[in-house]
Amino acid sequence: PRTIITYGTFDMFHIGHLNLLRKLSEMGDRLVVAVSTDEFNNGKGKKTLIPYDQRAEIVRSIKYVDLVIPETTWEQKLTDIKEHGVDVFAIGDDWKGKFDFLEELCEVVYLERTKNISTTELKRSLKRF
Ligand code: C2G
């Protein structure tokens, strides 16, 4: 089965995340999503509002998603691609160019982000209440 993999925090799950996962599911037969752990996110300098196990449970419940694995390091992409027989690595174009080194192992696709929504924006608008 044509397998797609993507990585992300998916904090405060929103339509931008859903659009991406739907598009990815349409690109193949199986979609694997690696959800960043809280520790890994601290390393990214990203504070998560929702803890890993809840973020993972929400992503696991999305009909487009076949498998959820934890993202704990930057390097794991190389072994994940081999281990899960991945044909395509895909991620939003805010990462454009950053993962081209994976082209040795699989196709690399950067998808356009959904406009006008982000977890940072949501947090900012929540502050107004
Ligand atoms: N995204 C999107 N449109 C938005 C917001 C996010 O398409 N409006 C996409 C991002 O481009 C990413 C995915 O949704 O592909 C998850 O976004 P984040 O949770 O912000 O992911 P990030 O923290 O960038 O983690 O190793 C890669 C990193 O783990 C990516």
Side-chain angles (χ1 to χ4, degrees):
R2 185 167 162 78
T3 301
I4 321 287
I5 198 165
T6 194
Y7 295 72
T9 308
F10 298 101
D11 197 13
M12 291 173 68
F13 197 85
H14 56 64
I15 193 68
H17 298 137
L18 189 64
N19 288 338
L20 179 88
L21 296 181
R22 185 184 54 255
K23 282 183 224 163
L24 295 182
S25 71
E26 288 160 1
M27 287 166 58
D29 308 302
R30 192 165 77 106
L31 175 57
V32 180
V33 182
V35 175
S36 316
T37 60
D38 297 339
E39 298 72 26
F40 181 63
N41 261 306
N42 293 339
K44 283 189 222 167
K46 267 183 123 169
K47 204 165 154 16
T48 43
L49 218 61
I50 309 295
Y52 167 77
D53 51 8
Q54 293 178 32
R55 291 184 283 111
E57 187 60 29
I58 289 167
V59 173
R60 200 175 286 121
S61 309
I62 307 281
K63 66 182 180 181
Y64 305 123
V65 178
D66 297 291
L67 173 69
V68 170
I69 59 174
E71 178 184 30
T72 56
T73 70
W74 292 106
E75 297 74 28
Q76 74 179 77
K77 294 181 175 72
L78 297 160
T79 44
D80 290 347
I81 286 166
K82 292 188 193 104
E83 197 178 310
H84 295 280
V86 167
D87 299 287
V88 184
F89 164 88
I91 197 161
D93 60 8
D94 43 321
W95 292 91
K96 191 157 184 53
K98 297 286 187 307
F99 300 114
D100 291 354
F101 66 93
L102 295 174
E103 269 156 8
E104 319 258 314
L105 299 172
C106 64
E107 285 172 57
V108 174
V109 176
Y110 300 101
L111 288 108
E112 193 178 341
R113 280 172 68 93
T114 300
K115 302 269 174 292
N116 308 320
I117 187 147
S118 73
T119 306
T120 316
E121 273 301 306
L122 288 172
K123 282 182 188 171
R124 203 171 291 143
S125 47
L126 278 174
K127 284 203 177 72
R128 281 200 284 271
F129 287 91

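This is a predicted model, so every value here is computed, not measured.
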- Message: Applying side chain to side chain contact (heavy atoms under 4.5 Å, CB included) to Ile91 and Lys98, what does each step give before you reach the verdict?
- Response: CA-CA 10 Å; Ile91 197 161; Lys98 297 286 187 307; over 6 Å; no
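- Judged by distance alone, the side chain of Arg30 and the main-chain N or O of Leu67 form no donor-acceptor pair under 3.5 Å.
- In the hydrophobic cluster analysis, where Ile, Leu, Val, Met, Phe, Trp and Tyr join through side-chain heavy atoms closer than 4.5 angstrom, Ile5 is grouped apart from Leu18.
- No side-chain N or O of Thr119 forms a donor-acceptor pair with one of Asp11 less than 3.5 Å apart.
- In this structure, Trp95 is a member of the same hydrophobic cluster as Leu78, with clusters built from ILVMFWY side-chain heavy atoms closer than 4.5 Å.
- Ion pair Glu26/Lys23 not flagged as a salt bridge, since none of the NZ, NE, NH1 or NH2 atoms sits closer than 4.0 Å to an Asp/Glu carboxylate oxygen.
- Inter-residue side-chain proximity for Met12 and His17 is flagged as unmet; no heavy-atom pair is nearer than 4.5 Å.
- Judged by distance alone, the side chain of Gln76 and the main-chain N or O of Thr73 form a donor-acceptor pair under 3.5 Å.
- Summarising the geometry of Cys106 relative to Asp87, their closest heavy-atom pair is CB-O, 3.3 Å, with the distance given to 0.1 Å.
- Within a 6.0 Å sphere centred on NZ of Lys47, heavy atoms belonging to other residues, nucleotides or ligands number 12 at most.
- Atoms CG and CD1, on Leu122 and Ile117 in that order, are 5.0 Å from each other to the nearest 0.5 Å.
- To the nearest 0.5 Å, atoms OH (Tyr52) and CG (Asp38) are separated by 9.5 Å.
- A distance of 13.0 Å separates CG in Asn116 from CD1 in Ile15, rounded to the nearest 0.5 Å.
- Side chain of Arg55 to backbone of Thr9: a donor-acceptor contact under 3.5 angstrom is found.
- Ring pair Phe89/Tyr7 is tilted by interplanar angle, where 30° to 60° counts as tilted.
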- Full working for side chain to side chain contact (heavy atoms under 4.5 Å, CB included) between Leu24 and Met27: CA-CA 5 Å; Leu24 295 182; Met27 287 166 58; 3.7 Å; yes
- What do the steps show when you test Asp66 against Val32 for side chain to side chain contact (heavy atoms under 4.5 Å, CB included), and what is the final call? CA-CA 6 Å; Asp66 297 291; Val32 180; 6.0 Å; no
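- Using a 4.5 Å heavy-atom threshold, the side chains of Glu39 and Thr72 count as separate.
- Cluster membership check: Tyr110 shares its hydrophobic cluster with Leu105, using side-chain heavy-atom separations under 4.5 Å among Ile, Leu, Val, Met, Phe, Trp and Tyr.
- Linking ILVMFWY residues whenever their side-chain heavy atoms come closer than 4.5 Å, directly or via other members, leaves Leu20 and Val108 in distinct clusters.
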- Item | side chain to side chain contact (heavy atoms under 4.5 Å, CB included) between Arg113 and Ser118, worked out | CA-CA 10 Å; Arg113 280 172 68 93; Ser118 73; 4.0 Å; yes
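- The shortest heavy-atom contact between Leu111 and Ala90 is CD1-CB, 3.7 Å.
- Rounding to the nearest 0.5 angstrom, the gap separating the NZ atom in Lys63 from the OG atom in Ser25 is 9.0 Å.
- Here the straight-line distance linking atom CD1 of Ile4 with atom OH of Tyr64 works out to 15.0 Å at 0.5 Å rounding.
- Applying the ring-ring contact (aromatic ring centres under 6.0 Å, His included) test to pairs two or more places apart or on separate chains, those with a residue in residues 19-41 are Phe40-Trp74.
- Around NZ of Lys96, the count of heavy atoms belonging to other residues, nucleotides or ligands within 6.0 Å does not exceed 12.
- Within 6.0 Å of CD on Glu103 lie more than 12 heavy atoms contributed by other residues, nucleotides or ligands.
- The shortest side-chain heavy-atom distance between Phe13 and Leu21 falls under the 4.5 Å cut-off.
- Within a 6.0 Å radius of CD in Glu112, no more than 12 heavy atoms belonging to other residues, nucleotides or ligands are found.
- Side-chain contact annotation: Thr48 with Asn41, donor-acceptor N/O pair under 3.5 Å absent.
- A 4.5 Å side-chain heavy-atom check between Glu121 and His14 finds every atom pair outside the cut-off.
- The same ILVMFWY cluster, assembled from side-chain heavy atoms under 4.5 Å apart, contains both Phe10 and Ile62.
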